Each structure stands twice: as C-alpha cells, then as structure tokens.
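A short write-up of the structure that comes next.
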Amino acid sequence: MHIRNRYRSNPSDFQQLAEKHPDLKQFLIEKSKGGVTLDFCDPNAVRALTIAVAKEDFNLDLELSLDRLIPRIPQKLNYLHWIEDLIECRNDAIGIDIGGGCSCIHALLAVRLNPQWTMYVSEIDPFNYRMAMKNVEQNGLQDRIHIVQMDSSALFHDFIDQTKHYDFLMCNPPFYCDLSESQGLTNTRKSDRPSANSINTAAPVESIYDQGGEVEFVKRMINESQTYATNVRIFTSQLGKKSSLDQIKKHLANIRHIDTELCQGNTMRWAIAWTFDEMYQFPSECQSRKAFQALKKTKKKNETSRTPISVPFDSKYSFDFIKNYLETYLFNELHLKWTSLSSYAWIFDAYDNLWSHQRRRRRQHTNDEPPSKRLKSTDEPTEKVCTIQMRLDEHEGVCTLYLLFVDGTNADAANQIGQYIKNQFPTYCQSHE
C-alpha cells in the first residue's frame with residue numbers, strides 16, 4: 001500500500017464502524033479466534049462497507065447500486081496518492097477521470113483529499129451518469145467536479161478541451177474482452193497466487209471492452225493522447241493484469257513512461273503513466289520497485305543537461321505580463337526562431353549566442369572595445385547553438401519559467417538563458433510598468 005494510505009497501518013475496525021453505521025452491523029461475521037469480518041463475496045456487505053467507510057473517513061454520502069461497480073476505497077487511495085506524487089502534490093491541480101462510474105469515487109476522494117483540485121469526469125452509461133451526478137450534488141461538490149455524459153464510442157475526443165491545460169488524466173479501464181473472462185470462466189491468474197476474495201459487481205458496460213479488453217482500450221488511450229500532448233501533462237491508467245502491463249509498455253516504447261504496482265490484500269493492480277512534456281521528470285519514487293532499484297544503480301551521463309532550469313518571478317507579475325515579455329521582447333532580442341506549443345509552452349532554436357558577454361557587447365556597440373577583442377558577427381546562421389523547450393507555470397499566484405536543453409552545441413544554454421532572463425527582466429519591467 002502507498003505510504004500515505006491511511007489504511008496502511010490503520011485498517012478499518014469493522015466492529016467500531018458498525019456501531020456508528022448500523023446498516024453494516026447485519027453483515028458482520030464473528031471469527032473463531034475473536035473479532036469480526038465480512039463476507040466480501042456478498043455484494044450487499046461490500047456496498048454497506050464502502051458507504052460506511054466513505055462517510056466515516058471522508059464525510060462522503062454515497063449511493064451505490066448492486067448491479068454496478070462497488071469501489072474499494074483503500075485501492076482507490078493507492079492510485080490517487082500515486083497521482084499526487086506524480087504531480088508533486090500540487091494544491092490547485094486540474095484532473096480528468098475517464099469513466100467515473102456510478103460512485104464517481106475517484107473525483108470525490110480527489111477533492112476531499114485536495115480541496116482546491118478541480119475534476120472533469122466522463123461517463124458513457126446513462127444510469128452511471130445520473131447516479132454520479134447525484135453523489136456529487138448530495139455532497140455539495142458541483143463547483144469542483146464536472147461530469148459530462150459522452151457517446152458510447154467516445155474517449156478523449158469532444159471531452160478534453162484543447163484550449164485548456166490539465167495536470168493529469170486517470171482511468172480505471174474495462175478489464176475484460178468478453179463475458180466469459182469477466183465471469184472468470186477464462187482465467188489468466190497464476191496458480192500460485194491466492195484467489196480473489198471479493199465479488200465483482202461491475203456491469204458489462206463497466207468491465208468489458210469487446211475490442212480487446214484493457215490492453216486495446218489503453219492502447220487507444222495512448223494513440224488518442226498524442227492529439228492532446230500539450231493539453232494534458234501526465235496520462236495514467238490502471239491495469240488489472242500484469243500481462244497487460246508488458247504489452248502496454250511495448251506500445252509506449254517511444255514515449256516516456258513509468259509504471260508501478262498497487263497492492264491491497266490479495267488484490268494486485270498495476271498503473272502506468274506517460275507524458276509528452278520533455279520538461280517533466282518522473283519522480284523516482286513513483287516507479288515500480290524493480291525499476292526504482294535499477295535506477296539507483298544507473299548513472300545518466302546527460303543528467304545535468306536534461307534537468308530543467310527554473311526561473312521564478314515575483315508574484316506581482318502576472319502570467320500574461322511574463323508571456324508578453326517572452327513573445328514580444330525576449331525572443332526578438334535574442335533572435336530566436338520560436339514556435340508556440342500551447343498558450344504556456346514554446347520551443348526555439350538559437351544560431352547565435354546573444355545572451356552571453358553582455359558587457360562586451362555594450363562596449364562594442366559604443367566602440368569602446370578594442371578591435372582585437374570585439375565579438376565576431378555574421379549575418380548568416382552557422383551551426384545551431386541550441387534548441388530549448390520552455391514552459392511557463394503558475395502555481396498559487398506565482399509564475400515560474402522552466403527551460404530544458406533539447407540539443408545543440410551548447411549544453412549549458414538553458415542555464416545561461418535563464419540567467420540572462422534573471423538579469424534583464426527587471427530592466428524590462430521598469431520600462432513597461
């Protein structure tokens with residue numbers, strides 16, 4: 001279990017929980033050696049437990065249907081805490097949940113854990129949509145959770161707004177490819193693994209993707225995600241089978257990604273995340289245990305040049321003011337050939353280092369520099385000095401610019417340009433305030 005999962009060292013006490021939530025009491029089973037447990041193969045017991053835990057630990061009022069997926073809250077927390085780590089516990093994150101289900105549990109837990117988060121949830125099943133809306137409304141979270149009913153064939157298209165930026169996307173995809181697999185008639189579980197001790201109440205619309213199960217569903221996610229590469233910073237999905245993970249990793253061979261295990265009792269899940277943002281670095285603790293151990297033994301030769309340089313700005317300068325400085329002044333001043341990747345990200349090439357030796361350039365401009373020491377100048381670009389990817393983020397009213405060296409002859413260019421901005425930005429502000 002995740003280190004921040006509240007149930008890691010303090011599992012629910014069913015006896016105490018039932019005293020506070022009487023609907024659970026009828027499902028308690030006394031153990032021969034003392035204490036009580038539940039029959040996790042009884043959907044009524046599982047529903048009563050989830051409702052009680054949601055209310056007791058998160059002050060959430062839930063309505064759940066016996067013929068739809070009943071979420072296990074400890075499992076959901078493992079996934080959410082992992083996402084928190086991926087986005088470095090950002091306070092005001094904007095997230096997407098593909099297929100929220102009737103409980104809308106991902107989004108509800110997300111905003112309970114992080115009250116400043118905003119969640120956008122898609123749902124293709126009309127019954128699930130109505131129940132999810134009811135669960136959100138009866139908890140008074142309509143301003144933080146927005147549910148959209150989508151066509152049955154929809155995934156990202158017509159749901160993700162290409163004029164907006166989202167910090168992450170999450171998904172609990174349909175695991176099975178047909179009814180036989182969902183009912184356990186065909187089984188890929190290894191013989192040495194303990195049997196699952198809980199019932200699956202999911203409806204076919206939630207659990208079956210007849211075009212290839214979870215593997216093909218997540219492959220489709222990956223393919224469509226490339227259209228939204230500059231809108232969503234981190235794409236993620238859960239997986240129900242380890243064999244699926246290997247196939248998905250092969251599909252992501254040319255895209256940066258990490259994976260991890262999500263363990264809860266006898267139930268194992270896996271999660272995978274991918275990104276197209278060259279400036280984003282996956283936190284090492286978010287990787288699977290095997291990958292994390294391998295990473296500790298590996299030294300990357302280009303670690304310094306591939307680490308983004310950050311330039312923080314005073315909170316009195318707005319996002320738009322800084323953006324205008326970059327696009328109308330900096331790019332022109334340094335003769336950069338730039339392209340906008342989105343409203344907050346750019347990539348540029350430089351063929352002449354105009355950010356270094358500023359004092360000497362000023363002397364040369366006034367003819368105070370001896371001819372032998374004057375910087376050489378040419379009207380024709382020679383070899384490329386650098387390609388830099390640049391991203392402007394705003395967090396709690398404070399803007400930070402990130403610069404990442406991509407390629408070129410000057411591997412220290414991002415650091416040098418960052419220093420140039422720090423030195424020149426105050427002068428720009430004096431003349432434009």
Side-chain angles (χ1 to χ4, degrees), residues 1-14 16-17 37 40 49-50 52-60 71-97 103 105-117 119 167-173 193-194 196-198 233-242 244-245 248-249 256-275 277 280-298 307 395-396:
M1 296 183 77
H2 192 281
I3 193 170
R4 289 199 306 280
N5 193 317
R6 63 183 297 152
Y7 305 106
R8 178 185 173 100
S9 58
N10 187 31
S12 296
D13 186 317
F14 299 150
Q16 292 184 6
L17 201 59
T37 186
F40 287 93
L49 175 62
T50 296
V53 168
K55 182 63 176 177
E56 180 66 21
D57 295 338
F58 301 95
N59 193 28
L60 288 171
R72 314 303 198 264
I73 288 179
Q75 292 178 14
K76 300 305 180 183
L77 286 181
N78 281 336
Y79 188 21
L80 280 168
H81 287 317
W82 185 63
I83 288 175
E84 289 175 336
D85 292 339
L86 286 171
I87 66 171
E88 298 175 323
C89 294
R90 182 171 182 139
N91 291 333
D92 54 354
I94 301 175
I96 293 172
D97 183 19
S103 66
I105 194 65
H106 282 154
L108 288 170
L109 289 175
V111 298
R112 275 291 190 256
L113 293 170
N114 306 276
Q116 300 304 312
W117 281 19
M119 294 293 297
D167 295 282
F168 67 89
L169 178 148
M170 63 190 307
C171 180
N172 185 34
R193 281 192 63 198
N197 62 357
S198 60
R233 193 170 199 184
I234 305 166
F235 296 86
T236 77
S237 179
Q238 285 195 101
L239 293 167
K241 294 177 284 187
K242 189 175 183 183
S244 300
L245 178 65
I248 297 302
K249 288 169 70 174
R256 290 195 304 123
H257 63 276
I258 61 168
D259 62 272
T260 193
E261 309 95 351
L262 305 174
C263 180
Q264 172 62 36
N266 291 338
T267 302
M268 285 291 295
R269 294 287 181 263
W270 292 263
I272 194 154
W274 65 97
T275 184
D277 186 348
Y280 174 75
Q281 302 294 314
F282 285 114
S284 58
E285 64 270 19
C286 290
Q287 303 198 58
S288 64
R289 286 169 290 181
K290 182 178 179 181
F292 181 66
Q293 292 300 321
L295 182 67
K296 289 169 66 177
K297 298 178 181 179
T298 305
T307 300
H395 181 52
E396 295 184 345

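Residue numbers start at 1 and run along the sequence shown. Quantities reported herein were computed from a predicted structural model and do not represent experimental measurements.
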Under a 4.5 Å cut-off applied to non-hydrogen side-chain atoms, are [X] and [Y] in contact?
X: His81; Y: Cys89; result: no
X: Arg4; Y: Asp85; result: yes
X: Phe14; Y: Val53; result: no

Pair Met170-Ile96, side-chain contact (heavy atoms from CB on, under 4.5 Å): steps then yes or no: CA-CA 6 Å; Met170 63 190 307; Ile96 293 172; over 6 Å; no

Can a donor-acceptor pair be found, under 3.5 Å and without considering hydrogens, that links the side chain of [X] to the backbone of [Y]?
X: Arg112; Y: Leu60; result: no
X: Asp92; Y: Gln116; result: no
X: Asn10; Y: Arg6; result: no

Within 45° cone of Phe40 ring axis and under 6.0 Å: Arg72 NZ or CZ: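 Checked: cation-pi criterion not met.
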
Phe235-His257 aromatic ring centre distance below 6.0 Å: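 They do not qualify: ring centres at least 6.0 Å apart.
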
Ring centres under 6.0 angstrom apart (Phe282, Trp274):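 Not close enough - the centres of the two rings lie 6.0 Å or further apart.
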
Pairing of Arg269 and Glu261 as salt bridge, 4.0 angstrom limit: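 No, this pair does not count.
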
Side-chain ion pair, Arg233 and Asp277, N-O less than 4.0 Å: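 Answer for the salt bridge query: yes.
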
Testing the basics here: between [X] and [Y], what is the closest heavy-atom pair and its distance to 0.1 Å?
X: Phe168; Y: Ala93; value: CE2-CB, 4.3 Å
X: Asp57; Y: Ser12; value: OD2-OG, 4.4 Å
X: Trp117; Y: Asn91; value: CD1-O, 3.2 Å
X: Ala273; Y: Trp82; value: CB-CH2, 3.6 Å
X: Leu86; Y: Thr236; value: CD1-CG2, 3.9 Å
X: Cys171; Y: Tyr79; value: N-OH, 3.1 Å

Member of Leu109, Asn5, Thr50 meeting the side chain to side chain contact (heavy atoms under 4.5 Å, CB included) criterion with Lys76: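 Single pass found, and it is Leu109.
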
Passing option when Tyr7 is tested against Met1, Gln75, His2 for side chain to side chain contact (heavy atoms under 4.5 Å, CB included):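 The residue from Met1, Gln75, His2 that satisfies side chain to side chain contact (heavy atoms under 4.5 Å, CB included) with Tyr7 turns out to be Met1.
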
Rounded to the nearest 0.5 Å, what separation is found between the [atom1] atom of [X] and the [atom2] atom of [Y]?
X: Ile73; Y: Asn78; atom1: CD1; atom2: CG; answer: 12.5 Å
X: Leu169; Y: Thr275; atom1: CG; atom2: OG1; answer: 12.0 Å
X: Trp270; Y: Asp259; atom1: CH2; atom2: CG; answer: 11.0 Å
X: Leu17; Y: Lys55; atom1: CG; atom2: NZ; answer: 13.0 Å
X: Ile258; Y: Cys286; atom1: CD1; atom2: SG; answer: 5.0 Å

Chi angles and distances behind the side-chain contact (heavy atoms from CB on, under 4.5 Å) call for Asp167, Ile83: CA-CA 10 Å; Asp167 295 282; Ile83 288 175; over 6 Å; no

Audit row: Met268, Lys242, side-chain contact (heavy atoms from CB on, under 4.5 Å) steps and yes/no: CA-CA 9 Å; Met268 285 291 295; Lys242 189 175 183 183; over 6 Å; no

Flag for Asn172-His106: side-chain donor and acceptor within less than 3.5 Å: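 No, Asn172 and His106 have no side-chain donor paired with an acceptor closer than 3.5 Å.
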
Chi angles and distances behind the side-chain contact (heavy atoms from CB on, under 4.5 Å) call for Leu113, Glu84: CA-CA 10 Å; Leu113 293 170; Glu84 289 175 336; 3.9 Å; yes

